[in-house]
Amino acid sequence: MAEKYDVVVIGSGPAGYVCAIRAAQLGLKTACIEKYQDPAGKGVNGGTCLNEGCIPSKALLDSSMKYYEAKTSLSKHGINARSVTVDIEQMIARKNDIVKQLTGGIAGLFKANGVTSLFGTGKLLAGRKVEYTDSKGKVKTIEAENVVLATGSEAIDIPVAPVDGKTIIDSKAALEITKVPKRLGIIGAGVIGLELGSVWSRLGSEVILLEALDVFLAMTDKQIAKEAIKVFTRQGLDIRMACRVTGSEVKRGKVTVTYQNAEGEEQQEIFDQLIVCVGRQPYTDNLLSEDSGVNLDERGSIFVDDYCATNAPGVWAVGDLVRGPMLAHKGSEEGVMVAERIAGQLTEMNYDIIPNVVYTHPEIASVGQTEEQLKQSGEPYKVGMFPFAASGRALAADDTDGLVKILAHADTDRILGAHIIGPSAAELVQQVAIAMEFGSSAEDVGMMVFAHPTMSEAVHEAALAVNGHAIHVANRRKRKQKK
Ligand code: FAD
Ligand code: NAD
């Protein structure tokens with residue numbers, strides 16, 4: 001007789017493994033199928049996030065930042081670290097250890113929560129059945145009351161620069177480079193391009209980013225994006241906008257990239273390595289049998305409703321595989337929502353308050369609506385801003401680039417968005433996200449007591465500035481004062 005579970009999750013990235021753990025916590029008999037293998041052929045949980053995305057990229061961002069600071073700014077603090085050298089192999093080994101620790105941690109969590117971990121490939125068949133092919137190729141059918149699809153996404157390829165894994169590489173291989181490329185080309189100045197460009201630029205590469213759009217970080221609040229490109233250019237990233245890559249040729253270990261610049265002129269650059277990071281697409285290869293009954297949308301994502309239910313009864317889909325931003329935390333919260341709904345709870349997710357962070361230095365973080373979105377929707381708003389140059393803590397840390405910008409409704413004062421470029425922006429934006437989740441006004445945040453001296457005070461001051469009450473910066477316009 002076929003094995004039977006309450007829940008079978010296919011994919012153990014942040015969307016799938018979190019869903020499996022929550023389902024098991026709720027007393028549901030749960031299995032999670034994962035096909036990812038390490039180079040030795042051993043099954044590994046954690047998905048893109050842990051193995052080749054969020055975690056390894058942040059490990060390299062942190063390591064490269066330490067080197068960069070030692071080389072460029074410690075002397076200002078009276079610390080002379082002469083002849084600082086970098087051992088890239090050690091840096092990569094440290095990153096690999098962190099990945100191993102965390103992926104091993106998921107195995108431990110599965111065990112502790114009673115999730116059955118199955119290594120191999122899952123395919124959805126009709127009638128809530130899953131075909132499971134184990135790592136040795138043995139096939140069996142598993143029955144499930146509910147199936148959760150969580151197979152994530154993959155990098156988009158472009159024919160003008162086909163990835164060969166050596167000279168032209170994707171983001172995964174860019175986390176494994178063991179020799180600093182003298183000249184590094186990057187196609188796509190989006191999140192990955194900026195994060196990985198920062199890593200290799202700090203380690204000594206000359207980095208040129210070729211971006212197709214003429215607007216930098218198009219989804220980001222314009223004022224923050226403007227500040228960002230100024231800072232990154234000063235750091236040495238050569239960001240070329242409105243470039244159309246028309247071809248690439250690999251010869252003797254170097255790649256020549258041909259592109260049309262913003263003026264329509266043909267240009268060429270020769271790089272030691274080229275990273276292609278032009279976005280990601282949902283990964284559905286061999287996931288659905290023809291009669292599975294699950295529909296895709298026009299972008300190739302699995303079609304789901306607000307609660308991540310597909311059109312096939314008992315089949316759900318979460319994470320990068322479905323609409324919305326491709327972010328680990330968005331997928332994880334969907335995983336929790338689905339597990340709880342399967343268990344009969346009426347959990348919902350607030351898609352309007354999902355923080356988004358680019359882990360450059362300074363970090364760029366945002367939540368809620370941008371000023372451009374508010375203008376477009378016609379919603380009346382007011383703005384409060386505070387520059388880190390006026391923050392005592394930022395000055396003490398010698399980290400003063402950037403600002404906090406808070407947008408609130410002009411009449412109700414309810415916070416509608418926060419956009420930050422600056423030190424610890426990723427942590428600061430969460431403070432505003434929590435406030436927004438509780439329906440706070442800018443005045444509410446302004447009335448709270450913030451520890452001094454902290455970077456968080458910049459959030460406090462920006463909230464005060466919304467109503468013209470900032471203390472440590474001149475307010476933009478005089479407003480009627482409260483009695
Ligand atoms: P994934 O993490 O992609 O996991 C899907 C899993 O399903 C994979 O392990 C895959 O092997 C498995 N699978 C696929 N098909 C099958 C099958 N048929 N059977 C069994 N298993 C299968 N997001 C952030 O929020 N913050 C960051 O800082 C961040 N940094 C990133 C850096 C990089 C370089 C990249 C590439 C991405 C980054 N992301 C970041 C995005 C984040 O990694 C994804 O949003 C997240 O991993 C998506 O989670 P998921 O569970 O939907 O899918
Ligand atoms: P992205 O969408 O952030 O950026 C891709 C960039 O490439 C865009 O600016 C786009 O205009 C440009 N582009 C597209 N085609 C091009 C072409 N032919 N030539 C030149 N430029 C081109 O995508 P990404 O950087 O590949 O990252 C993929 C996804 O992974 C992100 O959207 C994000 O969801 C996730 N991610 C998140 C984080 C984070 O949260 N910190 C980090 C890395 C990745």
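Starting from 1, each residue takes its place in the sequence as its number. Since the model is a prediction, treat every value here as computed from it, not as a measurement. Read the numbers this way: they start at 1 and go in the same order the structure lists the ligands and their atoms.
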M326 neighbourhood, listing ligand 2 atoms whose heavy-atom distance to it stays under 4.0 Å = 33 (C), 34 (O), 35 (C)
message = Would you say atom 32 (O) of ligand 2 makes contact with the protein, given that contact here means a non-hydrogen protein atom less than 4.0 Å away?
response = no
ask   = Looking only at N/O atoms, are A328 and ligand 1 under 3.5 Å apart anywhere?
value = yes
task = May I ask you to check if ligand 1 and E195 share an N or O to N or O distance below 3.5 Å?
result = no
inquiry  = Below 4.0 Å from ligand 1: does a non-hydrogen atom of E52 turn up there or not?
reply    = yes
query = Which atoms of ligand 2 have any heavy atom of Y359 under 4.0 Å away?
reply = 41 (N)
request  = Would you verify whether the NZ or CZ of K29 falls within 45 degrees of the ring axis of Y5 while also being under 6.0 Å from that six-membered ring's centre?
outcome  = yes
request  = Measure the distance from atom 18 (N) of ligand 2 to every protein heavy atom, then report the residue, atom name and distance (to 0.1 Å) of the closest one.
outcome  = I158 CD1, 4.0 Å
message = Any nitrogen or oxygen of K58, side chain or backbone, less than 3.5 Å from one on ligand 1?
response = yes
query = Does P325 reach ligand 2, in the sense of a heavy atom lying below 4.0 Å from it?
reply = no
inquiry  = Considering both backbone and side-chain atoms of L321, is one of its nitrogen or oxygen atoms within less than 3.5 Å of a nitrogen or oxygen in ligand 1?
reply    = no
request  = Looking only at distances, please establish whether an N/O atom of ligand 1 is found under 3.5 Å from an N/O atom of Y359.
outcome  = no
inquiry  = For the 3.5 Å polar cut-off, considering only N or O atoms, please tell me whether G122 and ligand 1 meet it.
reply    = yes
ask   = Any N/O of R280 closer than 3.5 Å to an N/O of ligand 1?
value = no
